[in-house]
Amino acid sequence: PSGANVPALVIGTGYGGCVAALRLAQAGVDVHMIEMGMSWDTPGPDGKIFANTTSPDARSFWLRTKTKQPLSNFLGFPIDRDIPKYTGILDAEEFAGITVYQGRGVGGGSLVNGGMAVTPKRENFGAILPSVNVDEMYDTYYPRANAGLGVATIDPAWFDTTDCYQYARVGRKHAQRSGFPFVFVPTVYDWDYMKQEAAGAVPKSALAGEILYGNNYGKKSLQKTYLARIKDTGRVTISSLHKVTSVTPAAGGGYTVVIDQTDTSGATTLTKTVTAAKVFFAAGSVGTSKLLVRLKATGALPALNGEIGQGWGDNGNVMCGGANHLWDPTGSLQASIPTGGIDNWNAGGAFAEVAPLPTGIETYASFYLSITKNPNRARFSWNAATGKVELNWQTSWKQPSIDMAKTIFDKINAKEGTIYRTDLFGTYKIWGDHLTYHPLGGAVLTKATDNYGRLHGYSGLYVIDGALIPGNTSVNPFVTITALAERNIEKIIATDL
Ligand code: FDA
């Protein structure tokens, strides 16, 4: 309620926010979590909570009147369609040079993501977070994160035989024939559930193509893991459809937090003010950066340092498709959870996940999301004239990612006698270089904050999400975001409470 005084307020309910809330609550602290998206716990008219990827509806996108699907075209035809404007689950947030996809709702990105739960190779960790003790991460915090998230790897014998991973076996064959290591990618999908889906024994989700707009059954999103444990503590309240708009020092100590309550059209219905002793920014790389940049520039938090908004990267995301021969089908049934990747990180700077194209028909296409060692970093800044935070990323900054991905796919094409698909991202466009799913940075560890996420300039303000990570994790980021949050909150609870 407005006027309340809370010991700890967490902005956002993704990975960083959930780790902070759970550990604070377990330490005896009452926590209030604020989430701009919906709670995603009530079925729609079709009896399901989440919409299917093949038939997007109002639930699918955050305040858009037309879908903006990552694959805009198929067989040359545009596939985006009109939808009612609603506080849906996937935000395709557009900056001048890049579209940044993010989850909106209680559970953040865990609601919409592919569930790939990858711990970076230990030898690559120093380039990701150079100030963090590697032994502590690999002995304590990565194992804690993997256990908390329910990470597991596919049964290799089932992988070898099930129809729904034929597309990934084709990817493995092509990788190995060109001399690249193929690795299994652990996930947070319930593999026993997927086996039962394949056997026709339970309602389908991965095998019904559910992914981008939520997963109704088998994926262990944060709703099934950290948020369930948070609920069990009895110490955490969560306000959904509430958006934090300001944080500023309060006269009597602590911070005054201004929060807009909205309806499902996005309109503000009520503005509330609460006082919090400690505030955790966990609004995601983009959400946290936008808030901090604006609050610094407009005088609400003027003592934040000049690193705020800096060091942002796209985790080197770039997508492409391969056109296979007619004797090399990828299967009409494709599990929506990717489970294998081609590793050419050390030699070529690219790790390519074999992604599904769950269209329900045979496409003779292989589809890949590559994570690359793209060195470009962008910065968020406040535009006083428009009243908006801008990001200076340029589309051409993806060229290093394309070059790195080509170290894999040019070789595979040469070996197999195949070519790139040109029908997935627009006419004759080979590379999906217009987006990222993995925004990272903007309030980087040891730059905008100390080595545990305490913001420089203010005691009692913390960053605890993907904004801490300087632009790249060499693999999909959420396990690293979770593990770093586990490390930081342990220190904060031990020393700051
Ligand atoms: P996260 O974005 O999860 O949570 C932030 C929350 O804060 C959101 O719920 C947001 O609505 C809320 N918020 C923002 N501003 C607010 C405000 N002012 N007030 C209140 N609330 C606010 N990663 C991976 O490791 N494996 C994968 O397979 C994938 N796949 C994937 C697919 C797609 C489609 C997407 C969009 C993303 C992925 N990712 C992924 C990325 C992964 O989901 C992402 O890195 C994490 O969710 C980031 O976690 P954070 O805790 O930083 O923020």
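Order of listing sets the numbers, starting from 1, for every ligand and every atom in it.
An N or O contact shorter than 3.5 Å is missing between I481 and ligand 1 by distance. At under 3.5 Å, a nitrogen or oxygen of M36, whether backbone or side chain, sits near a nitrogen or oxygen of ligand 1. On a distance-only criterion, F478 and ligand 1 share at least one N/O pair closer than 3.5 Å. Considering backbone and side-chain N/O atoms, G37 never comes within less than 3.5 Å of an N/O atom of ligand 1. Close N/O approach between M116 and ligand 1 is found [any backbone or side-chain N/O within under 3.5 Å]. Checked against a 3.5 angstrom limit, the closest N/O atoms of G466 and ligand 1 fall inside it.
Residue-environment remark: NZ (K272) exceeds the threshold of 12 foreign heavy atoms within 6.0 Å. At most 12 heavy atoms of other shown residues, nucleotides or ligands fall within 6.0 angstrom of atom CZ in R379. No more than 12 heavy-atom neighbours from other residues, nucleotides or ligands sit within 6.0 angstrom of NZ on K243.
Close contacts of ligand 1 with V112, meaning ligand atoms under 4.0 Å from a residue heavy atom, involve 34 (C), 36 (C). Distances below 4.0 Å separate heavy atoms of H438 from the following atoms of ligand 1: 23 (N), 29 (C), 39 (N), 40 (C), 41 (C). Interface of G108 with ligand 1, defined as ligand atoms under 4.0 Å from a residue heavy atom, comprises 3 (O), 4 (O), 8 (C), 9 (O). Less than 4.0 angstrom separates some heavy atom of G16 from each of these atoms of ligand 1: 51 (O). Numbered from 1 in the order shown, with element, the atoms of ligand 1 that lie under 4.0 Å from a heavy atom of G12 read 6 (C), 7 (O), 12 (C). Near G105, meaning under 4.0 Å from any of its heavy atoms, are these atoms of ligand 1: 9 (O). The distance from ligand 1 to the heavy atoms of G109 drops below 4.0 Å at these ligand atoms: 1 (P), 3 (O), 43 (O), 47 (O).
With a 4.0 Å cut-off on non-hydrogen atoms, V475 does not touch ligand 1 at all. Within the 4.0 Å heavy-atom criterion, the part of I11 lying near ligand 1 is the side chain and not the backbone. Residue A282 touches ligand 1 through its backbone alone, judged by heavy-atom distances below 4.0 Å.
Within the 4.0 Å heavy-atom cutoff, H242 counts among the residues contacting ligand 1.
For D80 (side chain) and Q69 (main-chain N/O), a donor-acceptor pair under 3.5 Å exists by modelled atom type. K219 contributes a side-chain N or O that, together with a main-chain N or O of N113, makes up a donor-acceptor pair within less than 3.5 Å.
In this structure, F280 and Y462 have parallel ring planes: the angle between them is below the 30° cut-off, well short of the 60° mark.
For the residue pair T372 / N374, no side-chain donor-acceptor distance below 3.5 Å is found, with atom types taken as modelled.
Across G14, G284, P477, S285, heavy-atom proximity to atom 2 (O) of ligand 1 is greatest for G284. Nearest residue to atom 29 (C) of ligand 1 from V10, I34, N113 is N113 (criterion: closest heavy atom).
The distance from atom CD1 of I489 to atom CG of L484, rounded to the nearest 0.5 Å, is 11.0 Å.
A heavy-atom distance below 4.5 Å is not found between the side chains of I469 and L445.
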